[in-house]
K.L.:
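Can you keep this structure in mind? I'll have questions shortly.
Order of listing sets the numbers, starting from 1, for every ligand and every atom in it. Everything numeric here is computed off the predicted structure, so don't read it as measured data.
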Amino acid sequence: MTILGIETSCDETAAAVVEDGTQLLSNIVVSQIDIHKEFGGVVPEVAARSHIEVIIPVIEKALKDAGKSWEEIDAIAVTKGPGLIGSLLIGTLTARTLAIAKQKPLYGVHHVLGHVYANWLVEPQPTFPVLALIVSGGHSQLVLFKEHFKYTLIGQTRDDAVGEAFDKVAKVLGLPYPGGPSVGRAAQDGDPNKYDLPEAKLDGPYEFSFSGLKTALLRTAQREIGESYDFPSSKVAAKLEPQQVVDLAASFEEAATATLVRKTKLAYEEFQPATVVIAGGVAASPYLRNKLSEALPVEINYAPRELCTDNAAMIASLAYFQSKHQPADDPYKLETQPSLPIERYT
Ligand code: KG4
Ligand code: ZN
């Protein structure tokens, strides 16, 4: 079954062709990072307008690279949520129109679940039960999959997602958007033990919280430059020495990673999954990958980084497995769902 996937939930316009959920035939991603960089984050209206401009050429290129004509496409998959409503609408309306015009079944899929399915695009595929650590700009979750579409959310963040915390910390340190890769790069030259940033104390063993850590980083930076806690965060970076920036980046990366690794290890010990996977943009972090591999007794088969950040291949992969469990969606009715929790997925 050959599926064309379309993904526009945030600031990447993406299309991909995947065979049977596992064989990647093409993967096109047009990133808007350069457009949003000057604002230090994604501007929703600008994102939606950029999606409109490139979505059709992106789809055409995905088909061309895969060497597939429309006749050879068996279904269309699109992200229906969660995400920015304006951005989601461009993808879903394009997919609905194409499904009607080309007479193809349409599958609206869950973006966050899609991230997990990037792991089905690498050999060997995960074996159930699968423990997934999902770490993106909007989510930080531990999910245990008994099998496809049978999963339990075992823990999630109480406040900020870890990627969001990386992005905010980058702003404080004067590092470019997106924060994950830029903090990671700066951290390579820094001392991860220079500043002791506290780990949040939470009731549930699998709950996360990154808001306190982000504030602790800001307070430490304010102290380092000899300013009080009401000194504006937007002015901190200008007063930091380069060595302080890299040490703060490294200490933050270490503290955020340590929490993720510790809780994943705890969940591994309790639930004894056959496979552990990581998913979402932060899963591209080499530091997180190294620390997780060191901590767990199982081998982790990491997806290439371009399949961790937003892409449409993961959407096409998930749609293949979804097609075995659920009927196709009505192309005249498929709605976007900007807030679509994983525990209430329908
Ligand atoms: O999954 P994703 O592309 O979009 C969402 O669904 O949110 O994740 C984006 C997040 C951003 O917060 C970005 O800073 C982070 O992933 N990220 C990384 C890396 N690449 C992207 N974080 C750490 N290390 C990376 N190499
Ligand atoms: Zn994502």
Side-chain angles (χ1 to χ4, degrees), residues 5-14 16 27 29-33 36-37 40-42 44 47 78-84 87-88 91 109-119 132-141 156-157 160-173 175-188 208 210-211 213-214 249-250 252-261 277-292 302-315 317-318 337-342:
I6 298 172
E7 152 66 40
T8 64
S9 66
C10 190
D11 60 344
E12 261 95 26
T13 318
N27 185 29
V29 182
V30 172
S31 170
Q32 303 174 7
I33 284 176
H36 299 289
K37 228 176 196 164
V42 179
V78 66
T79 302
K80 65 177 177 181
L84 301 170
S87 292
L88 287 167
V109 313
H110 193 294
H111 177 83
V112 181
L113 204 52
H115 272 299
V116 177
Y117 278 77
N119 291 288
L133 171 67
I134 306 174
V135 277
S136 73
H139 293 79
S140 305
Q141 299 175 320
Q156 63 182 332
T157 185
D160 291 359
V162 62
E164 188 182 353
F166 266 101
D167 294 337
K168 289 177 178 167
V169 162
K171 263 192 175 177
V172 170
L173 299 181
L175 299 168
Y177 173 84
S182 63
V183 169
R185 266 192 309 274
Q188 284 175 0
F208 297 104
F210 293 100
S211 171
L213 178 59
K214 180 193 67 190
F252 173 80
E253 184 180 51
E254 164 56 28
T257 304
T259 306
L260 294 171
V261 170
V277 299
I278 59 172
V282 184
S285 159
Y287 195 79
L288 174 60
R289 290 175 179 222
N290 287 342
K291 292 282 173 179
L292 204 57
Y302 297 105
R305 296 198 197 144
E306 67 274 15
L307 293 179
C308 293
T309 47
D310 287 349
N311 67 85
M314 65 188 199
I315 301 304
S317 173
L318 168 55
Q337 290 173 265
S339 312
L340 185 59
I342 208 160

K.L.:
Is any side-chain heavy atom of Asn27 closer than 4.5 Å to one of Val29?
P.N.:
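In contact.
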
K.L.:
List for me each residue that meets salt bridge (charged side-chain N to carboxylate O under 4.0 Å, His left out) alongside Glu253, sequence neighbours excluded, and say none if there are none.
P.N.:
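Not a single residue meets the salt bridge (charged side-chain N to carboxylate O under 4.0 Å, His left out) criterion with Glu253.
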
K.L.:
Within the 4.0 Å heavy-atom shell around Gly163, which atoms of ligand 1 are there?
P.N.:
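This gives 12 (O) as the contact atoms.
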
K.L.:
Distance to 0.1 Å, residue and atom name: give those for the protein heavy atom nearest to atom 12 (O) of ligand 1.
P.N.:
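Here the nearest protein heavy atom works out to Asp167 OD2, 2.8 Å.
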
K.L.:
I'd like to check Tyr117 versus Val109 (side-chain heavy atoms, cut-off strictly below 4.5 Å). Are they in contact?
P.N.:
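With C-beta onward as the side chain, the pair stays apart.
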
K.L.:
Less than 3.5 Å between some nitrogen or oxygen of Phe166 and one of ligand 1, yes or no?
P.N.:
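Min N/O separation from ligand 1 is not below 3.5 Å for Phe166.
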
K.L.:
Among all residues two or more places apart in sequence or in another chain, which pass the side chain to side chain donor-acceptor pair (under 3.5 Å) test with His139?
P.N.:
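In terms of side chain to side chain donor-acceptor pair (under 3.5 Å), with neighbours along the sequence ignored, His139 is linked to no residue.
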
K.L.:
For ligand 1, find out whether one of its N or O atoms is nearer than 3.5 Å to an N or O atom of Pro178.
P.N.:
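No; the residue has no nitrogen or oxygen that sits under 3.5 Å from a nitrogen or oxygen of the ligand.
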
K.L.:
Could you grab the protein N, O or S atoms closer than 2.8 Å to the Zn ion (ligand 2) for me?
P.N.:
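Those protein N, O or S atoms (cut-off: under 2.8 Å from the Zn ion (ligand 2)) are His111 NE2, His115 NE2, Asp310 OD1.
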
K.L.:
What protein heavy atom sits nearest atom 2 (P) of ligand 1, and how far away is it?
P.N.:
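Looking only at protein heavy atoms, the one closest to atom 2 (P) of ligand 1 is Asp310 OD1, 3.3 Å.
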
K.L.:
Report yes if some N/O of Gly281 lies less than 3.5 Å from some N/O of ligand 1; otherwise report no.
P.N.:
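By distance alone, the answer is yes.
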
K.L.:
Regarding ligand 1, does Glu12 bring an N or O atom to under 3.5 Å of one of the ligand's N or O atoms?
P.N.:
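No, since none of the N or O atoms of Glu12 sits under 3.5 Å from an N or O of ligand 1.
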
K.L.:
For atom 6 (O) of ligand 1, what is the nearest protein heavy atom, given as residue, atom name and distance?
P.N.:
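Checking every protein heavy atom, the shortest distance to atom 6 (O) of ligand 1 gives His111 NE2, 3.1 Å.
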
K.L.:
Once you restrict to heavy atoms under 4.0 Å, what part of Thr309 touches ligand 1? Side chain, backbone, both or neither.
P.N.:
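Looking at Thr309 and ligand 1, atoms from backbone and side chain both fall under 4.0 Å.
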
K.L.:
Residues two or more places apart in sequence or in another chain: which of them pass side chain to side chain donor-acceptor pair (under 3.5 Å) with Ser211?
P.N.:
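Here no residue qualifies.
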
